[in-house]
Structure formats: C-alpha cells, structure tokens
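Note that the structure is predicted; figures quoted are calculated from it, not measured. These values consider heavy atoms only, across backbone and side chains, with no hydrogens, waters or symmetry-generated copies. The chains referred to below are lettered A, B, ... by the order of the sequence lines, with proteins before strands, and numbering in each begins at 1.
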2 protein chains.
Amino acid sequence: MAVKQKGWVPVEGELLPQPDIQDIRLAKVLNALGDPVRMHLFRAFATDDQCDCDCARLGLGHLHKSTVSHHMRVLREAGVTSTRAVGRNRHVALRRADLDARFPGLVEALLAAGAAEEAAEGAER
Amino acid sequence: MAVKQKGWVPVEGELLPQPDIQDIRLAKVLNALGDPVRMHLFRAFATDDQCDCDCARLGLGHLHKSTVSHHMRVLREAGVTSTRAVGRNRHVALRRADLDARFPGLVEALLAAGAAEEAAEGAER
DNA sequence: GGTAAGGTTGGACGTGCGTCAAACAATAGA
DNA sequence: TCTATTGTTTGACGCACGTCCAACCTTACC
C-alpha cells in the first residue's frame with residue numbers, strides 16, 4: 001500500500017534519489033569509476049542504454065545481488081547513472097547529457113580509455 | 001655513501017619506480033585522481049610542469065610532509081606522474097606523453113573537467 | 001491469499017585508505 | 001665535521017570500502 005515506513009521504498013515510476021547537475025563532483029565521479037566493477041557497469045550502460053538490471057547478464061554473476069545494488073547506489077549518488085523503478089525492476093541509464101553538460105568530453109574520453117585498455121589487454125594475451 | 005641498505009633510497013638523478021606504459025591501469029589512474037588532494041596535485045603538475053616539490057607552495061601547507069609523500073607515491077605508482085631525485089629535492093612531472101599514448105584525450109578531458117568544476121564553484125559563491 | 005522473484009537495507013568481516021608522528025637517510029651548507 | 005633541510009619509511013589510528021549473508025519490502029503471478 002506504499003506506506004513508505006522504514007528506510008526507503010521505491011514507488012512505481014519514481015526516480016531514485018540522485019544529485020542535481022550542479023552538485024555532481026568530479027572527485028566523486030572518478031572515485032566511482034575507480035572501481036573495476038563500476039567501470040564495467042559504466043561501459044555497459046554507455047553502450048546498452050536503458051539497460052535492464054539483469055545483474056547476471058552483465059557479467060557480474062559472481063557477485064551477490066546486494067553487492068551489485070551497492071555499486072548501483074554509488075554510481076547513482078555520484079551522478080553517473082539514473083535509476084527508475086519499473087515494476088520490480090530498475091531501469092538504469094547513464095546520465096550522459098548531464099555529465100556532458102557539466103564535464104564536456106569527459107564521458108567520451110573515459111569510454112575511449114576503457115576501450116583502449118581492453119584492446120591492449122586483448123592483444124597481449 | 002649510497003649503500004642502499006633498507007627499504008629504498010633514491011640516488012642522484014635516479015628515477016623513482018614507476019609502471020611501464022602498458023602497465024598503466026585505467027582503474028588505478030581514476031582511483032588516484034578520485035582523491036581531492038591528488039586531483040589538486042595533478043592539475044598543479046599539468047600547468048606547472050617539472051614542478052619542484054614545494055609541498056607548502058602547492059596549497060598543501062596543512063598536510064604533513066609524510067602525507068604528501070604518500071600521495072606522491074600513489075600518483076607515481078598509478079603511472080600519473082614521474083619523479084626524479086635531484087639533490088635532496090624531487091622533480092615531479094606529469095607523464096603526459098605516456099598517458100596520451102595509452103589513453104588519448106583523457107588527460108585533456110580531466111583537466112578541462114577540473115577547470116569547469118572550479119569555474120562553477122567560483123561562480124556560485 | 002499464498003508464493004516466488006527482484007532489490008534494498010542492515011550488520012558483519014577483512015582490507016585498504018588518509019592522516020599524523022617519530023625515526024631515519026641523504027644531501028647541502030657552515 | 002657538524003648541522004639543517006628534504007623527503008621516505010614505518011607504525012598507529014580512525015574511518016570508509018567491497019563483499020557476503022540474512023531479513024525485509026514490493027511487485028508479479030498462481
């Protein structure tokens with residue numbers, strides 16, 4: 001009945017709490033992306049936009065669902081992603097427009113860097 | 001007399017240990033730059049190249065010298081900076097060429113992002 | 001209503017980080 | 001040679017992080 005008693009409970013179609021554009025801190029963004037798991041999610045959301053949170057289909061099957069939830073929260077609170085509650089799922093999307101507005105070119109450079117590293121790793125083994 | 005007995009002791013003109021270009025990890029770089037102090041140093045080294053390690057003149061007078069030394073080590077081991085022992089000083093420089101070779105455009109985007117954030121902060125107060 | 005599935009929360013555990021203080025090494029200058 | 005300076009290393013402390021587990025709340029489907 002959506003009484004919203006303890007902690008926080010998502011409501012149909014509601015956007016989970018996230019910082020405003022002007023409150024996005026570069027240090028927080030970089031700190032969020034400094035973790036391999038979150039960098040992986042970042043890149044996944046960039047290519048597969050409006051990605052359903054198929055925690056298993058993202059190559060994170062080895063992680064506990066609460067761990068994934070934790071990483072999602074960090075990304076969202078850093079202003080990197082935006083999460084909407086749809087049914088009992090979460091639709092996660094990269095806040096690319098907001099990030100581009102605040103830090104022009106940063107997302108593109110980070111994605112290119114991630115791709116470059118992956119390519120270099122793939123070549124040497 | 002340069003006996004190099006315990007731990008590690010820098011020698012005249014010697015380069016302190018740092019990763020090779022191909023061993024620079026994006027996650028480590030972002031993690032290093034995810035700390036406000038190190039982001040400050042990063043930007044300082046980018047503008048004031050071959051910066052002498054005037055720990056006080058870098059706006060870090062409030063930090064203990066061992067703390068600054070720690071941050072320097074993190075940046076160096078992440079592959080962000082390169083440190084050379086000159087007399088009893090350290091000449092620290094951004095490894096811009098190496099970073100540009102491995103992650104094209106990343107340094108420029110990070111510097112622009114840092115400048116943009118600083119400008120936004122300055123405007124709202 | 002009852003049951004299963006998807007996510008969040010809280011606690012617990014081990015590990016690492018940021019900071020300082022003290023001890024030390026090497027150089028520069030007297 | 002003695003002393004001051006510069007920076008590293010080590011240890012200590014508090015705190016935050018990444019991970020898992022257990023409990024819980026919604027929503028969806030019988």
[X] [atom1] to [N] [atom2]: how many Å, rounded?
X       : N      : atom1 : atom2 : result
A:Lys65 : C:dG10 : NZ    : P     : 16 Å
B:Glu14 : C:dA25 : CD    : P     : 18 Å
A:Met72 : D:dG18 : CE    : P     : 14 Å
A:Arg90 : D:dT26 : CZ    : C1'   : 8 Å
B:Arg88 : D:dA4  : CZ    : P     : 12 Å
A:Leu75 : C:dG7  : CG    : P     : 15 Å
A:Arg73 : D:dG18 : CZ    : C1'   : 14 Å

- [ ] Check whether any side-chain N or O of B:Asn89 sits under 4.0 Å from OP1 or OP2 of C:dT27, and answer yes or no.
- [x] no

TODO: Determine yes or no for a side-chain-to-main-chain donor-acceptor pair under 3.5 angstrom, with B:Arg90 supplying the side chain and B:Thr83 the backbone.
DONE: no

Open item on the list: Just by distance, no angles: are the side chains of B:His91 and B:Arg84 close enough, under 3.5 Å, to form a donor-acceptor pair?
Closed with: no

TODO: Specify the angle, to 10°, made by the local axes at the two ends of the helix from C:dG1-D:dC30 to C:dA30-D:dT1 when five pairs are taken at each end.
DONE: 20°

Name every donor-acceptor pair, under 3.5 Å, that has one atom in a side chain of residues 15-28 of chain A and the other anywhere in the protein, sequence neighbours excluded.
{"residue": "A:Arg25", "atom": "NH1", "partner": "B:Glu117", "partner atom": "OE2", "Å": "3.3"}
{"residue": "A:Arg25", "atom": "NH1", "partner": "B:Glu121", "partner atom": "OE2", "Å": "3.3"}

Open item on the list: Just so I know, are the side chains of A:Leu110 and B:Leu30 near enough to count as touching, which here means a heavy-atom distance under 4.5 Å?
Closed with: yes

- [ ] Using salt bridge (Lys or Arg N to Asp or Glu O under 4.0 Å) as the criterion, list what pairs up with A:Arg73, not counting sequence neighbours.
- [x] A:Glu77

Task: Partners meeting salt bridge (Lys or Arg N to Asp or Glu O under 4.0 Å) with B:Glu118 (sequence neighbours left out) - done: B:Arg43

Task: Reported CG-to-OG1 distance for the pair A:Leu60 and A:Thr67, which is rounded to 0.5 angstrom - done: 10.0 Å

TODO: Nearest 0.5 Å please: distance from the CG atom of B:Leu33 over to the CG atom of B:Leu75.
DONE: 7.0 Å

Using a cut-off of under 3.5 Å, enumerate the N/O to N/O pairs linking the protein to nucleotides 16-19 of chain C.
{"residue": "C:dG18", "atom": "OP1", "partner": "B:Asp35", "partner atom": "OD1", "Å": "3.4"}
{"residue": "C:dG18", "atom": "OP1", "partner": "B:Arg38", "partner atom": "NH1", "Å": "3.4"}
{"residue": "C:dG18", "atom": "OP1", "partner": "B:Arg38", "partner atom": "NH2", "Å": "2.9"}
{"residue": "C:dG18", "atom": "OP2", "partner": "B:Arg38", "partner atom": "NH1", "Å": "3.0"}
{"residue": "C:dG18", "atom": "OP2", "partner": "B:His70", "partner atom": "NE2", "Å": "3.3"}
{"residue": "C:dT19", "atom": "OP2", "partner": "B:His71", "partner atom": "NE2", "Å": "2.4"}

TODO: Taking side-chain hydrogen bond (donor to acceptor under 3.5 Å, both in side chains) as the test, write out the residues that go with B:His40, two or more places apart.
DONE: none

